[in-house]
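Inspection log for the structure reproduced underneath, given as structure tokens.
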Amino acid sequence: QVRLVESGGGSVQAGGSLRLSCVASQGTVIVAWFHQAPGKEREGVASIYRRGGSTYADSVKGRFTISQDNAKNTVFLQMGSLKPEDTGIFYCAADRRAGSDPLRPYRYNYWGQGTQVIVSS
């Protein structure tokens with residue numbers, strides 16, 4: 001069982017920045033961040049393979065950057081140029097299997113509890 005703990009959420013004004021962190025209890029093959037806006041389905045934002053290689057949703061390209069510190073089993077999501085529509089819960093997800101669809105929720109076995117982000121206009 002892999003435990004994931006997110007942190008770094010908060011309230012910011014539009015155009016601001018936040019850095020989210022996800023600490024895993026052990027190493028995994030892939031880690032991703034998902035965003036769930038109020039009343040909407042959970043959507044993939046960015047993913048990163050432990051050995052390198054990342055994927056981004058079109059909605060965050062150029063604004064968000066995913067990175068990792070493998071020695072600490074930690075993945076970061078640097079979010080910039082935040083918009084009100086980025087408001088919601090951000091979840092960290094991980095899996096030990098390689099495979100396709102890195103931004104699809106079904107692909108992940110392990111999930112964190114989420115961290116809330118509020119972006120005001």
Side-chain angles (χ1 to χ4, degrees):
Q1 187 76 8
V2 179
R3 293 184 301 276
L4 303 172
V5 179
E6 304 100 329
S7 63
S11 297
V12 295
Q13 290 190 329
S17 300
L18 283 174
R19 189 193 197 202
L20 306 183
S21 299
C22 172
V23 180
S25 58
Q26 54 189 283
T28 57
V29 170
I30 184 171
V31 175
W33 285 97
F34 287 80
H35 171 238
Q36 187 163 20
K40 296 190 176 181
E41 294 185 354
R42 200 170 296 189
E43 297 182 336
V45 172
S47 67
I48 188 165
Y49 282 95
R50 188 176 184 89
R51 294 187 176 185
S54 56
T55 302
Y56 294 91
D58 288 343
S59 60
V60 305
K61 285 180 180 177
R63 299 192 301 125
F64 293 6
T65 301
I66 192 169
S67 61
Q68 62 189 343
D69 182 340
N70 287 340
K72 297 181 179 180
N73 290 330
T74 301
V75 171
F76 305 98
L77 185 68
Q78 180 67 48
M79 306 188 296
S81 301
L82 283 163
K83 305 175 181 180
E85 50 264 45
D86 294 320
T87 293
I89 308 295
F90 280 79
Y91 296 93
C92 176
D95 206 275
R96 291 171 170 160
R97 305 164 297 170
S100 58
D101 294 339
L103 296 183
R104 296 286 301 280
Y106 81 88
R107 196 242 181 277
Y108 295 89
N109 275 324
Y110 307 107
W111 291 84
Q113 293 300 306
T115 185
Q116 187 172 47
V117 171
I118 298 173
V119 184
S120 57
S121 58

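Values below: every heavy atom of this structure, side chains too, minus hydrogens, waters and symmetry copies. Along the sequence shown, the residues carry numbers beginning at 1.
- We find the CG-CD distance between Leu4 and Gln113 to be 9.5 Å, quoted to the nearest 0.5 Å.
- Ser47 approaches Ala32 most closely through the heavy-atom pair CB-CB, 3.7 Å.
- Within the 4.5 Å cutoff, side-chain heavy atoms of Gln1 are placed close to those of Tyr110.
- Evaluation of the disulfide bond (SG atoms under 2.5 Å apart) test over residues 24-121, restricted to residues two or more places apart or in two chains, returns Cys22-Cys92.
- Evaluation of the side-chain hydrogen bond (donor to acceptor under 3.5 Å, both in side chains) test over residues 25-40, restricted to residues two or more places apart or in two chains, returns Gln26-Arg96, Gln36-Arg42.
- In terms of heavy atoms, Val31 sits closest to Ala94 at CG2-CB, 4.0 Å.
- Among residues two or more places apart in sequence or in another chain, the side-chain contact (heavy atoms from CB on, under 4.5 Å) test is passed with Ile89 by Tyr91, Gln116.
- With contacts defined as side-chain heavy-atom distances shorter than 4.5 Å, the pair Phe64/Leu82 qualifies.
- Chaining together hydrophobic side chains whose heavy atoms lie under 4.5 Å apart leaves Val23 on its own.
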Let me check something: any side-chain donor-acceptor pairs from residues 10-20 under 3.5 Å, sequence neighbours excluded? List them with distances.
none

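- For residues 99-109, the pairs satisfying side-chain hydrogen bond (donor to acceptor under 3.5 Å, both in side chains) are Asp95-Asn109, Asp101-Tyr106, with sequence neighbours left out.
- Listed by first and then second residue, the side-chain hydrogen bond (donor to acceptor under 3.5 Å, both in side chains) pairs involving residues 72-85 are Arg50-Asn73 (not counting sequence neighbours).
- In this structure, CG on Leu77 lies 12.0 Å from CZ on Phe34, to the nearest 0.5 angstrom.
- Considering OG1 of Thr55 and NZ of Lys61, their distance stands at 8.5 Å, rounded to 0.5 Å.
- Cluster membership check: Ile66 does not share its hydrophobic cluster with Ile30, using side-chain heavy-atom separations under 4.5 Å among Ile, Leu, Val, Met, Phe, Trp and Tyr.
- Annotation: side-chain hydrogen bond (donor to acceptor under 3.5 Å, both in side chains) contacts of Arg63 (sequence neighbours excluded): Asp86.
- Closest approach of Ala24 to Val2, counting heavy atoms only: CB-CG1, 4.3 Å.
- In terms of modelled atom types and a separation under 3.5 Å, the side chain of Thr115 and the main chain of Phe90 share no donor-acceptor contact.
- Pairs engaging residues 27-86 under the disulfide bond (SG atoms under 2.5 Å apart) rule: none recorded [sequence neighbours left out].
- Residues in residues 110-121 take part in no salt bridge (charged side-chain N to carboxylate O under 4.0 Å, His left out) pair, two or more places apart or across chains.
- Sorted pairs that involve residues 108-121 and meet salt bridge (charged side-chain N to carboxylate O under 4.0 Å, His left out), not counting sequence neighbours, are lacking altogether.
- Not a single side-chain contact (heavy atoms from CB on, under 4.5 Å) links Val5 to another residue, sequence neighbours left out.
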